[in-house]
K.L.:
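Okay, here's the structure, questions in a sec.
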Amino acid sequence: MKQKRRRLSLRNSLLTKYFLIVLSAMLILPIGFPAILVVMTLQAHGGDRLADGVYNSSALEKMWHAEAAKLADASPESVDEALRRLKEQYPKAAMFWVDQTGATRLKLPQTLELPSEWSVPYTIQFMKEASSGSGNYSVVAFLGDQPETGSFMTLQIPRSEMPKAGSPFNARSTAILYSSLLAVLGLFLFISLLFFYRIRKRLVRLETAMTTPAETGIPSPVAAQRLDEIGRLEHAFNDMIAKLERSREREAQEEALRRDLIAKLSHDLRTPLTAIRGHAFGLQQEALSEKGRESLALIDRKIDSLGRLIDNLFSFTLLASGQYPYKPQRVDIVRMARTQLAGWYPAFEQEGFEIDSDLPEEAVYWEVDTQWLERVLDNYLQNVLRHAKSGRCVALRVFAEAGGRIVVADRGPGMNAESMEKGAGIGLSIAALMLKDMKLRSVVRSGPLGTEVHISRL
Amino acid sequence: MARRVLYIEDDADIGKWVKEDLERRGYEVDWLVSGEEAAARVAQADLVVLDVMLPGLDGFTVGRRLKKEAPNVPILMLSARTAVDDKLQGLQFADDYLTKPFHPDELAARLEVLQRRAGLSSGEPLVCAHLLIHPEQQRVVDSRTGEEISLTAKQLQILFYFLRNRGQILTKEQIYEAVWGEPYMDGDKTVNVHIRYLRERIELDPSDPRIIETIRGIGYRVRP
């Protein structure tokens, strides 16, 4: 048979997908982390404010010194004016300026607690506090940006509005940084989980398809959409199903053929046998010697036994190959035995047998195929009729005790005696096979005074 | 009156022999080697003997066709096949079944039984010991006195069931289910009681029955 081979391209491979995911994860860490840092730093130096009104210290310092430089020879009024304008721009900041005499001039807001005259110790104390990082964040610039002018202006901003010391970013930006990192990591986890989840889902689907057989006992094919490894597995699975289906069909065909052959063969063997019987019967009508009549009687008996042999042979063939139809049902064996004996009664009566039946009044049920059990009993009764004529007695008994028991008994010479015609063996083999399949067993007790066959459940 | 048998058999040897044998026994035999024309001829026949393995049309197909054409004509199947399913399929329309190689006496005996069964509806009176039975009028007459014996409907049904199956031993289950038309219940004594009453009507000495024979532990029989 032609084998369809699908070439696995690199583009369709699961391995490629997996490499892409891992590679992107490996790139995100060394590239993504600095990228975030760069973006945040750029933002930090882009203006005097960071996100959410947080002030950028270096930008503020630059701005304050530039403003102070502009006020080199300004009048006190224009310095006041400049501060007021700046206050509007930086509403959260406190501002004041001190002239060359050491007197505090404009305070914005007015509530600022400052001495009106700046002594040298106070000035030193103030500068110390401003640079220590405790208290407010302060920027001090000399007017005109020249220390010689002696007057200076100060900008104060609460520490909470400023980024943490030692970092260009405040707490918020750090949180953003970490959460972006977490998000990137989460994304990677999610994508790889999705990747494996989808593989798993497809595998489970395949497993379900494999373990759920259709009516025929063979699983149904699955829908294979993709061309990756699992897709190829699905295709291979479908190919296998198709092959199984084909072989099952072939098997069924062969089975039907064999049955047909057996039926035809049986016909072809029996038809000439019937013709022989016809001619033998025709001969009987002619004037014959005693010897001739004896021969004809023998021919007649042999025709019967050959007919039975053919029947048994084909039954055995069917039975051994499991093609003999078996339909078990709940059967009352008492009733069945009675009907069976009623059918056999005239035959035994004609041969002068004493017929003994011992059947209980109540029903006894077995789960068997009636036809099979009838055939088994037929076989035993037939044997009694043929081989136990000398005893002139047949008994069919059914006992209800211990799940039920059927007994066929005779007073013949026993099974080892020479009266056994050839062909009885296969009949007993059929009975044994049928009993086994019906989960029954037979025990044969045979002696010179008779034979008893006990059939009971296993 | 010669009884006409429509005999369908493809084997020339067997066909010739059976035809001659049945003719010797007083039958009129119409022998066909294939089933094609059978349906047209069945109307003139009293009995059909049909071989299963026919060339052309399958024996079962022919059988079903004949039964449809003439439902009252009994069919006896002759078969060389033994597979069980054949038996079941055949018995759906066939009235009896005989496997090859059959004995001519057995074939004749089976045909007698089929005829008798069919005869129950043909109107000819039957004789059974001192009884003269008119199946059509459902009447039983004492042939010695000419007096009618009155029987109940169930008693008549039982008697006719025996007559249809003369020579066969019938179990109480079979009788109950055939006459009452429902499944036999375990331990039911109805059949025994009815047969006792029936014997009181028809037997000369009900304590020593001669018509309906008791087969101990098995059932009853009316001998042919």
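A, B, ... follow the sequence lines: proteins, then strands. Residue 1 opens every chain. Computed from heavy atoms alone, side chains included, the values below leave out hydrogens, waters and symmetry copies.
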K.L.:
Where does B:Gln168 contact chain A at under 4.5 Å (heavy atoms): side chain, backbone, both or neither?
P.N.:
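No part of it gets close to chain A.
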K.L.:
Kindly indicate, with the supporting measurements, whether the criterion salt bridge (Lys or Arg N to Asp or Glu O under 4.0 Å) is fulfilled by B:Arg24 and B:Glu20.
P.N.:
CA-CA 6 Å; B:Arg24 203 173 47 77; B:Glu20 278 170 9; over 6 Å; no
K.L.:
Using heavy-atom distances under 4.5 Å, tell me whether B:Lys16 contacts chain A through its side chain, its backbone, both, or neither.
P.N.:
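For B:Lys16, neither part sits under 4.5 Å from chain A.
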K.L.:
Taking all atoms of both residues into account, what is the closest heavy-atom pair of A:Ala280 and A:Ile299, and its distance?
P.N.:
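Closest heavy-atom pair between A:Ala280 and A:Ile299: CB-CG2, 4.2 Å.
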K.L.:
Under the side-chain contact (heavy atoms from CB on, under 4.5 Å) test against B:Arg41, which residue among B:Val48, B:Leu6, B:Leu66 passes?
P.N.:
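That would be B:Leu6; it is the only one of B:Val48, B:Leu6, B:Leu66 passing the side-chain contact (heavy atoms from CB on, under 4.5 Å) with B:Arg41.
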K.L.:
Around atom CD of A:Gln285, are there more than 12 heavy atoms from other residues, nucleotides or ligands closer than 6.0 Å?
P.N.:
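Correct, the count exceeds 12.
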K.L.:
Hey, which of A:Asp304, A:Asp300, A:Thr274 has the most heavy atom pairs under 4.5 Å with chain B?
P.N.:
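Going by pairs under 4.5 Å, I would pick A:Thr274.
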K.L.:
Does any backbone or side-chain atom of A:Asp358 lie under 4.5 Å from a heavy atom of chain B? Answer side chain, backbone, both or neither.
P.N.:
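For A:Asp358, no heavy atom lies under 4.5 Å from chain B.
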K.L.:
Check whether A:Leu273 gets within reach of chain B through its side chain, its backbone, both or neither, counting any heavy atom under 4.5 Å.
P.N.:
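Looking at A:Leu273, backbone and side chain both touch chain B.
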K.L.:
Where does A:Tyr345 contact chain B at under 4.5 Å (heavy atoms): side chain, backbone, both or neither?
P.N.:
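Both the backbone and the side chain of A:Tyr345 come within 4.5 Å of chain B.
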K.L.:
Would you call the rings of B:Tyr176 and B:Trp180 parallel, tilted or perpendicular, taking 30° and 60° as the class edges?
P.N.:
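B:Tyr176 vs B:Trp180 ring planes: parallel.
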K.L.:
Can you say whether B:Arg221 sits under 4.5 Å from chain A via the side chain, the backbone, both, or neither, judging by heavy atoms?
P.N.:
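Side chain of B:Arg221 only, per the 4.5 Å heavy-atom cut-off to chain A.
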K.L.:
Pick one of side chain, backbone, both or neither for A:Glu349, based on which atoms fall under 4.5 Å of a heavy atom in chain B.
P.N.:
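When you check distances to chain B, only side chain atoms of A:Glu349 fall under 4.5 Å.
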K.L.:
Give me the atom names and distance for the closest heavy-atom approach of B:Asp10 to B:Asp51.
P.N.:
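Of all heavy-atom pairs spanning B:Asp10 and B:Asp51, the closest is OD1-OD2, 3.3 Å.
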